[in-house]
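Reading through the structure tokens given below for one structure.
Source: prediction; values computed, not measured. Values below: all heavy atoms of this structure, side chains included; hydrogens, waters and symmetry mates excluded.
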Amino acid sequence: MKYSQMLIPTVKEVPADAEVVSHRLMIRAGLIRKVASGTYTYMPLGHRTLLKIIGIVREEMNRSDAQEILMPSLQPLDLWNQTGRSVDYGPTIFCLKDRHGRMNVLSPTAEEVVTFHAAAEISSYKQLPINLFQISAKFRDEFRPRFGPIRSREFLMKDAYSFHATPECLEATYRVMYDAYCRIFRRCGVNTVVVQAETGEMGGSGSHQFTVPCETGEDVIVYSEDGSYAANLERAAVDPLAKEEPTAPPPALEEVHTPKVGSIEAVCDFLKTRPCDMIKTLIYATEEETVGVLVRGDHEVNREKLTQLFPGQRIELAEAKAIEACTGAQVGFAGPVALEARVSKLIVDHAVAAMAEGVAGANKTDAHLRHVVPGRDFSMESPGVLVTDVRNACAGDTFHGKPLLFKKGIEVGQVFKLGTKYSKKLGATFLDEQGKECHCIMGCYGIGINRIMASAVELGHDEHGIIWPVTIAPFAVLICSVNPEDESVATVSRRLYQELTERSLEVLWDDRPLRAGVKFKDADLIGIPVRVTVGKRSLAQGNVEVKLRREREGRDVAVEEASQEVQALVESLLSECAF
RNA sequence: CGGGGUGUAGCUCAGUUUGGCAGAGCGCCUGGUUUGGGACCAGGAGGCCGUAGGUUCGAAUCCUAUCACCCCGACCA
């Protein structure tokens, strides 16, 4: 392909709305353009990279005996109502009404539709297991699209769904998918960390998340230094803290007047104390009960851990009105003392149970209590009270005695064991060998195609531009003709282009009649792994210059040997991404 | 959804405080000189100042509404 004929709109200056490095470079290199918030067009170069990634994903899925299908993005809301996910997903789901008044969703994933097909087409254990996948546009009405293609409202996802007769069979396919994912990310040239993950609104019993560690990521990975433990923050467990032994018997409760001082920070300021000396009391509500949750002032409640304690229920922070009704005080003054009687359950985090004493709200507007002693001033043993782990891990925590470390990352893939959640709701059953009707056991497996692309840029770039892994680069080789009007340069360039193309290499030929500097800057920006520079200067010695994008210096190679040499280079780059 | 910010040329942004000819750099077009790391000279095209109302002799500038986009937050009581 000739550069002069291709739409590669590189820019020197970055549009103001690009924040993170991958977003900036993808715009500067002319890979993408924004259409509206969270929606992007992939320009020719960017599209080629998407196709490369899709190709690798497709190959590995096929190799794993998954079968490709294509389901509609437009799906009846009714199916989503049947599984209850129209509610679980909430406002993140794109919903639209057609001219007949029917409600439709723009698919964020496809468990409902694929299970609908399984219900219709699968009737015998002899048809199982089966693994179906598609690569298609997905839609999420994100409350806040950001980081360019990393969190967009429309994106490309590979989603696979497997159906099984037995848990062992699911286990086997789960393993196969897990291995396929390792190969896919390795072949795409992005390093991933695999962590235990929560299943969120997908439901199910087990999950692993594939995360690319980098600063831009929105996910937090928690791990121990020796690698024996890794989980995402939603799931990361912590050891209970050691019980603080008071030096002296704690004084009696003391009420202090704290007018309009509601937040942890304000109370600390006002009472000259520290967040870690406070007991934070949060009031949650499910459909039928009110729940009190106690964490230390410097800790955060972990929503997933809390949700686990109330299976089958939605648990949300209570509304201000409900909080006032429950505590008898304005928001900001809830506290554990005498709270047990006002809530149906009281969840106490281990770290609170370990405190010798603390400061807490007094359940009375504009008042706090000092010297609140867990166990003395509120029970930790009665039936309505549960002492457990409900907070996020944080710096200083350990698990199994090993210090926990934290790293940000971009989630690029996740595998789930779903179980029978969807097959039960949608009636996907089969007859087993005994003729007994059973529900299909399911797994599902997702990969964010655009996120692989963005992650690769996050991992592979320098101050001049992108450095693509050869496997997903838009082209493997760039021929840069620095004096294209010179006859010998034109001839040698054309010859090299032909030779390399005949060797099945994908070549972009920069034939533009521009100054060398401009062309080199563009070359660095778009990040093609191998650059062959053809110019009068080296041609005088019968040479061209061959340079890797990731290396500073190139070297001269005789024209006759150039294509052979370049092919060898490309192959050695390819072997770095082989598994 | 809450808070903050920004909408002026394809891009980055001045001009708005204090109302008075629509600006700069980059990019684009033409001609010339250059030609291995974003060249130089000369000429040129390009904007209903987000949109709709209002105030005024006069509005990019002041007022009102509205839309879009960006940032922070959205469990820290």
From [atom1] of [X] over to [atom2] of [N], roughly how many Å is that when rounded to an integer?
X	N	atom1	atom2	value
A/E485	B/U34	CD	C1'	11 Å
A/R24	B/C71	CZ	C1'	15 Å
A/D510	B/G37	CG	P	15 Å
A/E142	B/G73	CD	P	15 Å
A/L233	B/C75	CG	C1'	13 Å
A/R552	B/G36	CZ	P	20 Å
A/K12	B/C11	NZ	P	16 Å
A/R151	B/C70	CZ	P	14 Å

So, [X] and [Y], do they make that salt bridge, N to O below 4.0 Å?
X	Y	value
A/R303	A/E316	yes
A/R146	A/E218	yes
A/R151	A/E142	yes

[atom1] gap between [N] and [M], integer Å:
N	M	atom1	answer
B/C41	B/C26	P	9 Å
B/G19	B/U61	C1'	6 Å
B/A24	B/G46	P	14 Å
B/U12	B/C28	C1'	16 Å
B/G10	B/C48	P	9 Å
B/G43	B/U56	C1'	41 Å
B/A9	B/G50	C1'	15 Å
B/G44	B/A52	P	32 Å

Please tabulate, for the side chains in residues 331-339 of chain A, all donor-acceptor contacts under 3.5 angstrom to protein atoms that are two or more places apart in sequence or on a different chain.
none

[N] pairs with, by Watson-Crick or G-U criteria that keep both distances under 3.5 Å:
N	answer
B/G2	B/C72
B/A59	none
B/U18	none
B/U34	none
B/A65	B/U51
B/A24	B/U12

Within the structure shown, what part of the strands sits under 4.0 Å from [X] by heavy-atom distance: base, sugar-phosphate, or nothing?
X	value
A/V14	sugar-phosphate
A/R28	base
A/L514	nothing
A/F333	sugar-phosphate
A/E545	base
A/R512	nothing
A/A360	nothing
A/I283	base
A/L282	base

Q) Would you find more than 12 non-hydrogen atoms of other residues, nucleotides or ligands less than 6.0 Å from A/R555 atom CZ? A)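 It does not: A/R555 CZ has 12 such atoms or fewer within range.
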**Q.** Whether over 12 other heavy atoms sit under 6.0 Å from A/R24 CZ
**A.** no
Q. Do A/R531 side-chain and B/G37 base share a donor-acceptor contact under 3.5 Å?
A.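 Donor-acceptor pair under 3.5 Å: yes.
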Q: Confirm from the modelled atom types if A/E13 and B/G27 form a donor-acceptor pair under 3.5 Å, side chain to base only.
A: no
Q. Is the Lys NZ or Arg CZ of A/R48 less than 6.0 Å from the centre of A/F475's six-membered ring, within 45° of the axis?
A.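 Yes, A/R48 and A/F475 form such a contact.
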Q.
Could you tell me if the side chain of A/H47 sits less than 4.5 Å from the side chain of A/T49, heavy atoms only?
A. no
Q: Give, ordered by number, those residues of residues 515-524 of chain A having at least one heavy-atom distance below 4.0 Å to an atom of RNA chain B; if nothing qualifies, reply none.
A: A/R515, A/A516, A/G517, A/V518, A/F520, A/K521, A/D522, A/D524
Any idea which of [options] is nearest the [X] side chain?
X	options	answer
A/F143	B/C71, B/C75, B/A74	B/A74
A/E19	B/G38, B/C75, B/C71	B/C71
A/L525	B/G36, B/G38, B/G73	B/G38

Q. Closer to the 5' end of RNA chain B via nearest nucleotide, is it A/T533 or A/H368?
A.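 The residue closer to the strand's 5' end, by nearest nucleotide, is A/T533.
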Q: Name the residue closer to the 5' end of RNA chain B, choosing between A/G38 and A/N392 according to the nucleotide with the nearest heavy atom.
A: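 In this pair, the answer is A/G38.
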(Q) Applying ring pair (Phe, Tyr, Trp, His ring centres under 6.0 Å) to A/H23 and A/Y40, what does each step give before you reach the verdict? (A) CA-CA 11 Å; A/H23 188 193; A/Y40 295 87; 5.8 Å; yes
Q. Which pairs pass salt bridge (Lys or Arg N to Asp or Glu O under 4.0 Å) with one or both residues in residues 474-488 of chain A, sequence neighbours excluded?
A.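 Qualifying pairs, neighbours excluded: none.
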